[in-house]
Amino acid sequence: MQTHKNNLSHGLKSRHVTMLSIAGVIGAGLFVGSGRAIAEAGPATILAYILAGGLVVLVMRMLAEMAVASPDTGSFSTYADLAIGKWAGYTIGWLYWWFWVLIIPIEANIAATIINSWVPQLEIWVLSLVITLLLTATNLFSVKNYGEFEFWLALVKVVAIVSFIALGVCAIFGLLPGAGVSGVSRLWDTGGFMPNGFGAVLSAMLITMFSFLGAEVVTIAAAESDEAGKHISKATNSVIWRITLFYILSIFIVIALVPWTDPRLATEGSYVTVLDTLGVPNAKAIIDFVVLTSVTSCLNSSLYTASRMVYSLSRRGDAPACAQITSRSGTPVVAVLLSTGAAFLAVIANYLVPAKVFGFLMASSGAIALLVYLVIAISQLRLRQRLTAQGKTLGYRMWLFPWLTWGVILFISGVLVLMLFRPDHRLEVVSTMVLAVLVVCSGVLVTRRRARGGAVAGVGQGA
């Protein structure tokens, strides 16, 4: 399997990639957004996280099979290019870039809002600008700076979740004096385990899918380390315990200790609600600090991921050639600045265009996670068949091929159809599909223009 060589630095150390793989799936959605899922599906939300987590485990296994065989900073976009066609790599690459570009201003605004609540004298838009510029600078200097910064931010998230789980387990077993709650009766004593039916569980799963997107970033980052294959396989092997510990166990603690009907879950977030219930002083301030760390980490990774994706697209001729320019330290400076610039345009659009227009732009990223996973599965299916036909052996393989791969493809296709029939998710699918069609059309135009230019050059040389 051939991929493009790149001029990027190999400055990420083993501990950087390890921490990225551990905390890559931990975002603000776990601390705050999970409360919305619980309020919708009740205690059965745990099933939604198990389904979504299981899907991520299988998709990461498929992606790792391809990435270990041929590490590339374009990751699944490059593999789609090879397995499905130029149009597929182009489309999914630009959609993925769009997703992270939109995340940057959102996360910056959340971080700025938290800081503003501590220091009201500072304007939110000024704080958002400063935060984005600082993280842009972090990404511009070298990938080692990014890795180091992300390492410490990720460490704070991991320590916070492990501490929360330890506190919750103590409360469940009645080892927390004065907590006022113990046991797991909340799992069924308020309308039953599945009060709103299985349809609500599937709807909650769609909410949780947004939280899990980011696990695949390690395959992009590992391409800038000295032992890419080793780091990717190690990270993928650990994804099961990471999802079990950080998501499923922590959500179990929330639904075991707090009634799912508690209005604070949807307004304040699941972690704050639990800490308040347990009588932990300054619970909101503690979680605000952790969320601030998480969104800063996510913003940092968003900029890194977007810049590497547009760099890879440029290397394949699917983005402006200037995005290939790297600094002496091996940083794609133009790709970083292009991604930051696009994020600032999104912020400006939020103020200048009607709310419905910006709402459509945000909704257009809603189903991108599922499309990315679908493309990964199809790419792995086709590349594995091709390599098998060539008699090549793989050092890292997907389980039960091709049955599990086909199962993932059918499951994701079914979820996308389900979203079309649910009014609360229909806009996400439709707007994402509209955006995808526009990207495909732009790809066709670029390809034709390139072919026409090549033909003209050929005629000139012949003359």
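Count residues from 1 along the sequence.
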Is there side-chain contact between [X] and [Y], with heavy atoms separated by less than 4.5 Å?
| X | Y | value |
| --- | --- | --- |
| W100 | C298 | yes |
| V334 | L338 | yes |
| T78 | M66 | no |
| L374 | I409 | yes |
| Y79 | L63 | yes |
| T340 | I104 | no |
| V336 | R308 | yes |
| T244 | L249 | no |

Shortest non-hydrogen contact from [X] toward [Y]:
| X | Y | result |
| --- | --- | --- |
| V258 | T277 | CG2-OG1, 3.9 Å |
| A323 | P332 | O-CB, 4.4 Å |
| I286 | P281 | CD1-O, 3.7 Å |
| A171 | L257 | CB-CD1, 4.1 Å |
| S314 | P320 | OG-O, 2.8 Å |
| D262 | T273 | OD2-CG2, 3.8 Å |

So, does [X] use its side chain to make a donor-acceptor pair with the main chain of [Y] at under 3.5 Å?
| X | Y | result |
| --- | --- | --- |
| S128 | A112 | no |
| T91 | A88 | no |
| S379 | V375 | yes |
| S307 | L303 | yes |
| S77 | I92 | no |

Among residues at least two apart in sequence or on other chains, which ones pass salt bridge (charged side-chain N to carboxylate O under 4.0 Å, His left out) with D276?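 Salt bridge (charged side-chain N to carboxylate O under 4.0 Å, His left out) list for D276, sorted by chain: empty.
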Distance-only donor-acceptor check, side chains T261 and T190, under 3.5 Å: no
Decide whether Q380 and T405 meet the rule of one side-chain donor and one side-chain acceptor closer than 3.5 Å. yes
Per the salt bridge (Lys or Arg N to Asp or Glu O under 4.0 Å) rule, what does the pair list look like for residues 189-214, sequence neighbours excluded?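 Salt bridge (Lys or Arg N to Asp or Glu O under 4.0 Å) check on residues 189-214 returns R186-D189.
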What residues, two or more places apart in sequence or in another chain, satisfy side chain to side chain contact (heavy atoms under 4.5 Å, CB included) together with [X]?
| X | value |
| --- | --- |
| A52 | M205, T208, M209, F212 |
| W399 | V57, L58, R61, I240, L404 |
| V169 | I165, F173, I253 |
| V119 | Q121, L122 |

Interatomic distance, L127 atom CG to W118 atom CH2 [nearest 0.5 angstrom]: 11.0 Å
Under the side-chain hydrogen bond (donor to acceptor under 3.5 Å, both in side chains) rule, collect the residues that match up with [X], sequence neighbours excluded.
| X | result |
| --- | --- |
| T305 | none |
| D288 | K284 |
| R426 | none |
| Y90 | S442 |

What class does the angle between the rings of F99 and Y96 fall in, given that below 30° is parallel, 30 to 60° is tilted and above 60° is perpendicular?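 Taking Y96 first and then F99, their aromatic rings lie parallel (interplane angle under 30°).
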Would you say CZ of F411 has more than 12 non-hydrogen atoms from neighbouring residues, nucleotides or ligands within 6.0 angstrom?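 Yes, CZ of F411 has more than 12 neighbouring heavy atoms, counting only those of other groups under 6.0 Å.
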Among residues at least two apart in sequence or on other chains, which ones pass ring pair (Phe, Tyr, Trp, His ring centres under 6.0 Å) with Y373?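 Here no residue qualifies.
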Can you list the residues that meet the ring pair (Phe, Tyr, Trp, His ring centres under 6.0 Å) rule with W260, with sequence neighbours excluded?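 With sequence neighbours excluded, W260 shows a ring pair (Phe, Tyr, Trp, His ring centres under 6.0 Å) to no residue whatsoever.
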Should I376 and M60 be marked as a side chain to side chain contact (heavy atoms under 4.5 Å, CB included) after you check the CA-CA gap, both sets of side-chain angles, and the distance that decides it? CA-CA 9 Å; I376 290 172; M60 280 298 295; over 6 Å; no
Result for side chain to side chain donor-acceptor pair (under 3.5 Å) between S339 and one of Y311, Y304, W97 points to W97
